[in-house]
Structures are given as structure tokens and as C-alpha cells.
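Notes to accompany the following structure.
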Amino acid sequence: MTTKNLQIEKLNGSFELVLQNIASDKSISHRCAMFSLLSDKPSIIKNFLRGEDTMDSLKIAGLLGALIEDDGETIIITPPSKLSEPNNILDCGNAGTGMRLYAGLLSGIDGSFVLTGDKYLRSRPMKRVTDPLRSIGAKIDGRENGNKAPLHIRGGKLQSFNYHSPIDSAQVKSALILAGIKGDTKSFYKEDLLSRDHTERMLNGMGANIFTNENGEIEINPINEPLKPLNIRVPADPSSAFFFAVAAAIIPNSKITLKNLTLNPTRIEAYKVLEKMGAKITYVETENIYEPIGDIIVEQRPLQGVEVSENIAWLIDELPALSIAMAVANGESTVKNAKELRVKESDRISSVVNNLGLCGVKFEEYQDGYKVFGGTTLQKATIDSHGDHRIAMSFAIAGLLCGMEIVDTACIDTSFPNFTELLSLLK
Ligand code: S3P
């Protein structure tokens, strides 16, 4: 990743726009690359996210023996008859999802695998997956006793489990589901809040049997034969689209239609918060492929401060962008119970509040969140992205109000390669 800077000009006037070509969903694209390995037939993927994170997951599928055919539009992934031991390390780049889900998948496969990533990913905690995986027999090692990548996995037979996760994390859940389907008998996974459930929906669509039972546990039944292949057009990513939702919500008299997003309820909570703050939001479901898909229309209205302390896993990725709306809104806004923000691509509590501070916004920082004193006129500043795509894009949106210089924006390519192109449409 090379460093790049971005200059954002203040927008003169309002905009009204229908936005197509929003980056495809990152979570679903990662899973397409990985889950295609669980079939014995070619999976057909349209609209795969061509961001660095998900292309890294696709490359790893190739290193594990899959044939990847890509005509620039459709990607066909033909799995090998047996996943092979790669002759090189598996580089997940910047992607926590890539590393944690592959750790679960590879723990149950015979062979030796090394998962690594860029300097940011190598500093993120992996114990949340390596601990439960080790407790069911996976042989995993890494720095800090298996907490930091590079991780070495010697895959093999795993035991079934009954695990209550201390964190609501789709990455942990998915890693354990991928390990659980390889077991001999059923396994159980419990989380306090249902985290994004693409793994369950997609694997069930492929013929697996994973469901929430009457005790509120996710029951994971072993798969005894290869799954059906995927045939999917990946919807647009609501967390990427959310930057533009915030743009429409903070620029007076603006309106945006965000096309073809996943409307999975575990993914659109940030839009509900924006609605609670006063923006007008309309949801239009148009189809259902593994999950509901459709458009979200956002219209500017005066914004009020809000408290965000529940359903945090459903809006964790959108909190940096939501914080820009909080800075513009009248009154105070508070984010609580969000200590997970500290271990994302950057420490997002610190990178959000300190950058807001540079824009003249008053704040209080807590261990698990922050308070933003809204209603200030934002000032142009020089923002450090900390190599974090969502910080770079959130402050680019703030720049529409006051101009902004953002340092180190190459990270935007991890999830939203055409972000600046779409941003230039807001004239
Ligand atoms: C993701 C889960 C979330 C989210 C990340 C993508 C996924 O992480 O923040 O961007 O695709 O499973 P956690 O599971 O760690 O909360």
C-alpha cells in the first residue's frame, strides 16, 4: 500500500443523485471466495468486490488449489477435489475478516498453513478465534502465544463444541461455524446479539443446516458431502454506501438514492440511527437472494444528537461516518459499549475523536466510546487516516462542508476503490 493524499473541496449547494456502482459488499465477497471451496462444482460470482481485502481472499482460494477464472465481470471459482497445502504463505493484506475466517476454515483441513497480513493486521488481536479453535483441537501458533499474526495452523480433525462467545463478532462466529461443519456431531454457538449472519444464510443456501434453536443457540450440523456451488450477484455494501448517506444527511436540501444494497437487518442499523437523528430514510426492497436487497433513499432534514449504546455489532463499521453526522447535529451525541472500535483497522475511538478535534469539534473520550458536542461549524483540517479506510472516507465526507486534506488515503482501496470517483458526482 503506498501513501496517497486527498484534497476535498467544499461543496457549493445541494445535490440530488441516484448512486449506482457502490462498492460490492465486502463481507459477502470474502465469504464467496472462501465458501466456494466447500463445494465440488464451480461457483459463479458476479459483482465481486474488487477491493484489496477481498481480492486477497480470492488469491488465497487460488493458492489453496481453486481455479479462478475472471473475465472482469464474472468470477468462476472451481474448487480443487481436495484443498492442497500451499507452497507459500497466505497473505490476508489488511483484512481481519480474511484472516479470522480462513483460520476457522483451515483449522479443519489437513496441512500446514501460514496466515499473515500487513502491519496493521499483524497488530490486531487473533486470540478471539485462536483460543476457541485451539480448545476444540486446532493446532495454531503465532506471536504472543497465538494472539498476533503470522499464524501457523496445522489443520486436522476437530471436536464438536458448545461455545458462548464473550463478544458479538461475526468473524468469530463464522470461524467457529466453518470449524463446526467439519465436526462429526453437531456444535452449538451462542452470542448475546445476533452479529451479521451472512455466513449462516449463504451456507444454508448452499445446503448446510445451521439454525438458531429454541435456546437461542446457533446449531451447526456437520456437512457430510460437498455443498452446492454459489450462484450470486453480490449486492452493494451498506457500510460503504453509508458515507454517501451521511453526505446527503448533512448537506442542506440534498437527497440520495443508494442502489442495490443488502438490506440484511444486521447491516442497516446505522441508517435507523440516522433516521432517529432526523434524516428522512426510505427502504425499498426489490429482491431476495440469500438476503433482502434493495435501495435506501436518504433526504436531509435538521439533525439532533443521539445516544448509541445498543445493537453495536450492527453498526460498528458505520460509527466513524455516523460521528460526522453527530458533529453536525444539534446537541450532544454519545457512543457507548463500543470498545470493539479500539481493535478495528485503527483504534477508531481515538482516530475519530482526535480528527474531529482537529476540525474544531469538542468531544470526550471514554474507554468504550465517546461524546460529541454537535452543532459546531466544521473547520478544514489535515486529517491522518491512520491507514484506516473508514476514517479516510468519513473525513472526506466531512470535507464536503468545509474542505479537507486527508493524509494516507491509499487504504480506501481495501474496500471502496471507486470512492473518489463517486464523490466527484456530488456537484
Ligand atoms: C465482518 C464482521 C465485523 C465487521 C467487519 C466485517 C465480517 O467484524 O466489523 O468489517 O465480515 O464478518 P467483527 O466480527 O470483528 O465485529
Side-chain angles (χ1 to χ4, degrees), residues 23-35 48-49 51-54 56-58 92-105 117 120-121 123-132 147 149 163 165-178 189 191-203 210 218 234-235 237-243 262 264 266-270 290-291 311-322 335 337-349 351-352 368 388-391 393-394 411-412 414-416:
S24 301
D25 193 75
K26 185 148 77 82
S27 294
I28 296 176
S29 295
H30 275 300
R31 285 160 174 79
C32 285
M34 297 172 192
F35 298 175
F48 185 86
L49 172 62
E52 288 168 0
D53 278 13
T54 45
D56 285 334
S57 277
L58 189 63
C92 303
N94 189 245
T97 307
M99 181 166 289
R100 296 190 179 119
L101 269 64
Y102 267 124
L105 190 145
Y120 302 103
L121 184 56
S123 69
R124 292 179 65 188
M126 292 298 145
K127 246 180 153 35
R128 54 185 58 204
V129 287
T130 56
D131 271 356
N147 189 34
Y163 184 66
S165 178
I167 43 175
D168 305 322
S169 160
Q171 295 179 354
V172 177
K173 171 174 66 176
S174 303
L176 271 285
I177 289 177
L178 289 166
Y189 182 92
E191 55 188 348
D192 295 328
L193 171 73
L194 176 75
S195 62
R196 66 188 67 193
D197 59 354
H198 308 295
T199 296
E200 298 93 303
R201 288 174 187 257
M202 290 171 71
L203 290 179
I210 303 164
I218 299 173
V234 180
D237 193 315
S239 56
S240 296
F242 195 67
F243 298 109
T262 169
N264 182 320
T266 62
R267 296 294 304 280
I268 55 169
E269 186 74 359
Y290 301 99
E291 33 193 273
N311 300 339
I312 294 295
W314 294 357
L315 46 58
I316 191 83
D317 292 338
E318 293 81 3
L319 281 171
L322 201 52
V335 176
N337 302 326
K339 68 174 189 314
E340 270 298 299
L341 284 175
R342 296 234 178 244
V343 289
K344 289 294 177 187
E345 285 83 330
S346 68
D347 172 345
R348 284 189 180 153
I349 293 183
S351 39
V352 162
D368 68 341
D388 183 336
H389 56 138
R390 296 198 201 276
I391 298 298
M393 290 186 274
S394 299
C411 50
I412 292 175
T414 60
S415 66
F416 204 160

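Numbering of ligands and ligand atoms starts at 1, following listing order.
No donor-acceptor contact under 3.5 angstrom links the side chains of Arg128 and Ser169, judged on distance only. In this model, a donor atom of one side chain and an acceptor atom of the other lie less than 3.5 Å apart for Thr97 and Gln171. Counted by atom type alone, Ser174 and Thr199 present one or more donor-acceptor pairs between their side chains at under 3.5 Å. Tyr102 and Ser57 share no side-chain donor-acceptor pair at under 3.5 Å.
Annotation for His198 and Asp25: closest pair NE2-OD2, 4.3 Å, computed over non-hydrogen atoms.
Residue Ser27 has at least one N or O atom closer than 3.5 Å to an N or O atom of ligand 1. Polar contact with ligand 1: present for Ala170 (N/O pair, distance under 3.5 Å). Considering both main-chain and side-chain atoms, Asp168 never comes within under 3.5 Å of ligand 1 through any nitrogen or oxygen pair.
Of the possible donor and acceptor atoms, none in the side chain of Lys173 sits under 3.5 Å from a partner among the backbone N and O of Leu194.
Looking only at protein heavy atoms, the nearest one to atom 6 (C) of ligand 1 is Thr97 OG1, 3.3 Å. At the shortest separation from atom 10 (O) of ligand 1 among protein heavy atoms lies Asp317 OD2, 2.9 Å.
For atom 12 (O) of ligand 1, the candidate residues are Arg100, His30, Arg31; the nearest heavy-atom contact is made by Arg31.
Shown in contact with Ile316 at under 4.0 Å from a heavy atom are these atoms of ligand 1, numbered in order with element: 9 (O). Those atoms of ligand 1 with a heavy atom of Lys344 less than 4.0 angstrom away are 3 (C), 4 (C), 8 (O), 9 (O), 13 (P), 15 (O), 16 (O). Residue-ligand proximity, Gln171 to ligand 1, at heavy-atom distances under 4.0 Å covers atoms 1 (C), 2 (C), 5 (C), 6 (C), 7 (C), 8 (O), 12 (O), 13 (P), 14 (O), 15 (O).
Residue contacts with ligand 1, taken as heavy atom pairs separated by less than 4.0 Å, do not involve His198 at all. Within the 4.0 Å heavy-atom criterion, neither part of Lys173 lies near ligand 1. If you look at Arg196 next to ligand 1, the close heavy atoms, those under 4.0 Å, all belong to the side chain.
Considering Arg348, Arg124, Lys344 as possible partners of Asp388, the one that fulfils the salt bridge (charged side-chain N to carboxylate O under 4.0 Å, His left out) test is Arg348.
More than 12 heavy atoms of other residues, nucleotides or ligands sit less than 6.0 Å from atom NZ of Lys127.
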